[in-house]
Amino acid sequence: KLASGAEMPYYIKDKGRSESGCFIRIGSSSQPMPESMIDKLMARRHQSTLANVLSRHQDLEFKQLKLYYGLKNKPLNDNFAKTLDFLTSDGQYNMIAFLFADNNNISIRLGKYMGMDKMDLIEREDYKDCCLITAMQKILDRFDVENITQSRKRPMQTRLDKNLADKNVLHEAIINAFAHNDYSRLDTPIFQIYSDRFEIISFGGLVDGLDLEKFYEGISMPRNREIMRIFKDLEYVEQLGSGIPKIVEKYGREGISVNDYVVRTTLKFDKGVDEKDISQEHPQEHPQKHPKKHPQKTYQKIVEAMRIKPDVTMQELAELAAISSETVKDQIKRLKSKGIIRHIGPKKGGHWEILEQKEAAE
């Protein structure tokens with residue numbers, strides 16, 4: 001009798017990882033292992049060892065990640081790779097490092113469709129060869145554009161603005177997909193936009209030990225602890241397990257479907273602004289003066305990036321701010337004209353200098 005090993009499933013070498021090569025003990029007999037069980041055991045095996053899997057590339061760069069940490073006043077020191085668990089036991093970059101490197105070759109896919117099915121694809125985006133945080137920020141920004149605001153204004157009453165989908169819940173769903181996806185086979189989250197809904201798909205199903213009831217209740221069992229740690233450092237997640245209950249509260253359990261392989265979040269559009277919505281709002285005599293929290297403006301990201309990394313390139317600024325290189329050039333031209341920044345030295349090999357802090361019109 002052999003003891004159970006940690007690298008299941010084991011298989012007959014000549015047969016490979018197949019139903020004819022893998023077996024399961026049932027009573028006193030051995031039966032062929034179903035393909036679904038093989039996949040699940042392989043997923044569990046990779047899940048537990050992802051940080052120990054050698055990166056396919058070792059010439060990795062982390063300029064984007066360093067910028068994100070710098071923008072949060074948490075600069076990374078020379079030992080950041082060890083601190084963030086980017087190294088295998090023999091000191092080489094692992095797959096966690098690969099995901100957060102500037103020069104990985106993974107791709108995050110977004111598809112936009114004309115109707116309610118996949119018959120008519122009108123746009124496809126592949127966010128690739130960039131830090132996982134950069135890809136996620138681009139997805140967040142893109143969905144903010146797609147999540148249009150509907151307004152209704154009545155005489156002498158408060159105007160109500162309402163998005164197609166709840167913005168906070170949408171952000172939670174996107175961040176959850178990136179944080180909990182199973183990257184062991186380099187499967188990446190998929191984002192889809194239909195005429196009546198947003199759909200977000202992450203791979204891996206439920207983490208072993210977590211049942212469906214606990215999942216909906218928000219019991220936290222992170223699949224990728226190293227990834228979650230970085231997301232917490234950069235303030236993308238406030239509290240473990242808070243995302244799922246928020247989605248369920250707003251869209252019900254039918255908003256999240258789960259099987260052994262994927263978690264699919266479906267946010268149906270709430271089209272139209274009804275009387276009941278207005279009555280639920282707190283009336284304000286001057287609603288336009290209501291304070292509203294704005295995300296960091298593009299020019300502020302650019303200036304702060306230049307402060308942290310004076311030799312930052314146009315391409316790095318474009319990726320950090322999730323905008324085009326042409327837009328970066330326009331912003332820089334405006335900042336120069338206002339006397340906020342200047343460039344010292346040649347285009348290649350020079351550096352940026354911050355002259356003064358003041359508001360710059362977008």
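None of the values given here were measured: they were computed from a predicted structure.
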Atom [atom1] of [X] with >12 non-hydrogen neighbours under 6.0 angstrom:
X: K128; atom1: NZ; result: no
X: N77; atom1: CG; result: yes
X: K250; atom1: NZ; result: no

Identify whether the distance between the nearest side-chain nitrogen and carboxylate oxygen of [X] and [Y] falls below 4.0 Å.
X: E249; Y: K246; result: no
X: R253; Y: E213; result: yes
X: R142; Y: E123; result: yes
X: K138; Y: E125; result: no
X: R229; Y: D233; result: yes

Could you grab the distance from atom [atom1] of [X] to atom [atom2] of [Y], nearest 0.5 Å is fine?
X: S55; Y: L87; atom1: OG; atom2: CG; value: 11.0 Å
X: M314; Y: K329; atom1: CE; atom2: NZ; value: 6.5 Å
X: L317; Y: Q64; atom1: CG; atom2: CD; value: 11.0 Å
X: Q92; Y: F86; atom1: CD; atom2: CZ; value: 16.0 Å
X: K214; Y: L206; atom1: NZ; atom2: CG; value: 11.5 Å
X: N176; Y: I247; atom1: CG; atom2: CD1; value: 5.5 Å

* To do: Just grab all the ring pair (Phe, Tyr, Trp, His ring centres under 6.0 Å) pairs involving residues 168-187, residues at least two apart or on different chains.
  => F178-F191

Locate the shortest heavy-atom distance separating [X] from [Y]; write the atom from each residue and the value.
X: E226; Y: A51; answer: OE2-CB, 3.4 Å
X: S107; Y: T188; answer: O-OG1, 2.7 Å
X: H343; Y: P346; answer: CE1-O, 3.0 Å
X: L60; Y: N103; answer: CA-OD1, 3.6 Å
X: N181; Y: D187; answer: ND2-O, 2.7 Å
X: N104; Y: C130; answer: ND2-O, 3.1 Å

Any chain of hydrophobic side-chain contacts (each under 4.5 Å) joining [X] to [Y]?
X: V237; Y: L140; answer: yes
X: Y127; Y: L121; answer: no
X: I139; Y: V145; answer: no
X: Y113; Y: F143; answer: no
X: F80; Y: I227; answer: yes

* Residue pair N52, N94: steps toward the side chain to side chain contact (heavy atoms under 4.5 Å, CB included) verdict -> CA-CA 6 Å; N52 296 322; N94 59 24; over 6 Å; no

* To do: Run the numbers on Y236 and Q137 for side-chain hydrogen bond (donor to acceptor under 3.5 Å, both in side chains), then give the verdict.
  => CA-CA 10 Å; Y236 282 102; Q137 191 58 58; 2.9 Å; yes

* Start with the C-alpha distance between F215 and V207, add both sets of side-chain angles, then the distance that settles side chain to side chain contact (heavy atoms under 4.5 Å, CB included), and finish with yes or no. => CA-CA 9 Å; F215 171 80; V207 177; over 6 Å; no

* **Option among D270, D144, T149, N168 that satisfies the side chain to side chain donor-acceptor pair (under 3.5 Å) test with N163** => T149

* Test side chain to side chain contact (heavy atoms under 4.5 Å, CB included) applied to I256 and V248, step by step -> CA-CA 8 Å; I256 310 177; V248 172; 4.2 Å; yes

Mind listing the side-chain donor-acceptor pairs of residues 194-205 below 3.5 Å, one per line with the distance, residues two or more places apart or on another chain?
residue : atom : partner : partner atom : Å
Y194    : OH   : Q192    : OE1          : 3.1
S195    : OG   : G115    : O            : 3.4
R197    : NE   : E199    : OE2          : 2.8
R197    : NH1  : M116    : O            : 3.0
R197    : NH2  : M116    : O            : 3.1
E199    : OE1  : R264    : NH1          : 3.1

* Listed partners of T327 passing side chain to side chain donor-acceptor pair (under 3.5 Å), at least two apart -> S324

Heavy-atom check, side chain of [X] versus side chain of [Y], under 4.5 Å:
X: L267; Y: D166; result: no
X: L186; Y: M95; result: yes
X: I354; Y: I341; result: yes
X: N105; Y: F98; result: yes
X: I332; Y: M306; result: yes

* Would you sort out whether K309 and K63 count as a side chain to side chain contact (heavy atoms under 4.5 Å, CB included), showing the intermediate values? => CA-CA 9 Å; K309 188 173 184 290; K63 294 177 182 177; 3.9 Å; yes

* Any side-chain donor near an acceptor of the partner, Y251 and T266, under 3.5 Å -> no

* Asked: ring-ring contact (aromatic ring centres under 6.0 Å, His included) with F100: which residues, sequence neighbours excluded?
  -> none

* Report the residues that fulfil ring-ring contact (aromatic ring centres under 6.0 Å, His included) with Y93, sequence neighbours left out, ordered by chain and then residue number. => F62

* Hey, could you give me each pair passing side chain to side chain donor-acceptor pair (under 3.5 Å) that has a residue in residues 345-354? Not counting sequence neighbours. => R342-E353

